[in-house]
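Read the structure below first, then the notes.
Atoms within each ligand, like the ligands themselves, are counted from 1 in listed order. Position 1 is the first residue of the sequence, and the numbers go up from there.
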Amino acid sequence: MQRIKNLRIGEVAECAECPVLGLCGTGCRANAFRIHGDLRGKDDYACAQVVKFHGEMLPPLLDRFGFSMRTAEEDVYSAHE
Ligand code: SF4
């Protein structure tokens, strides 16, 4: 249990370059272990959902409410000025 608690999102190699890492946080460690047998694996279920949400659902919502989305590494959402 302590091993899971001490795990950092940067230790999930497959997610290291992901532009939405800050939003997703690599998903669920239990799912990653069940899918890959590795606590440092990617949660494929969370990944599919986050990619769909970020790519298809979020842009029209942000647009509707007057927000813009930066695609920089920090992946910070900001209001139009
Ligand atoms: S969206 Fe996928 S690749 Fe990106 S951090 Fe989440 S699980 Fe990793």
Side-chain angles (χ1 to χ4, degrees):
M1 195 60 130
Q2 195 64 33
R3 195 169 140 220
I4 297 171
K5 188 176 172 187
N6 291 336
L7 197 64
R8 298 291 175 248
I9 60 174
E11 295 178 52
V12 180
E14 281 187 86
C15 301
E17 303 297 322
C18 179
V20 294
L21 176 61
L23 178 69
C24 173
T26 73
C28 171
R29 296 303 83 216
N31 281 342
F33 187 78
R34 191 167 62 85
I35 296 165
H36 302 287
D38 183 358
L39 289 171
R40 291 181 177 85
K42 181 173 73 170
D43 175 357
D44 295 332
Y45 300 126
C47 193
Q49 293 170 4
V50 169
V51 168
K52 185 173 180 67
F53 176 75
H54 191 269
E56 297 176 24
M57 299 169 71
L58 190 56
L61 283 171
L62 293 173
D63 190 46
R64 177 174 176 171
F65 293 105
F67 286 81
S68 66
M69 183 172 60
R70 286 187 241 157
T71 55
E73 197 171 310
E74 301 85 34
D75 196 51
V76 176
Y77 302 103
S78 64
H80 280 296
E81 293 178 5

Note to self: Within this structure, what is the NE2-CG distance for the pair H36 and N31, rounded to the nearest 0.5 Å?
What the structure shows: 9.5 Å

Next item on the list: Answer yes or no: is there a donor N or O on one side and an acceptor on the other, between the side chain of R64 and the main chain of P59, under 3.5 Å?
Entry: no

Margin query: Quick check for you: to the nearest 0.5 Å, what is the distance between I9 atom CD1 and C18 atom SG?
Written below: 10.0 Å

Item checked: Euclidean distance, F33 CZ relative to I4 CD1, rounded to 0.5 Å -> 8.5 Å

Item checked: N, O or S atoms of the protein lying under 2.8 Å from atom 8 (Fe) of ligand 1 -> C15 SG

Note to self: Nearest 0.5 Å, please: how far is CG in D43 from CD1 in I35?
What the structure shows: 5.0 Å

Next item on the list: Check the pair R8 / T26 against side chain to side chain contact (heavy atoms under 4.5 Å, CB included), numbers first and verdict last.
Entry: CA-CA 10 Å; R8 298 291 175 248; T26 73; over 6 Å; no

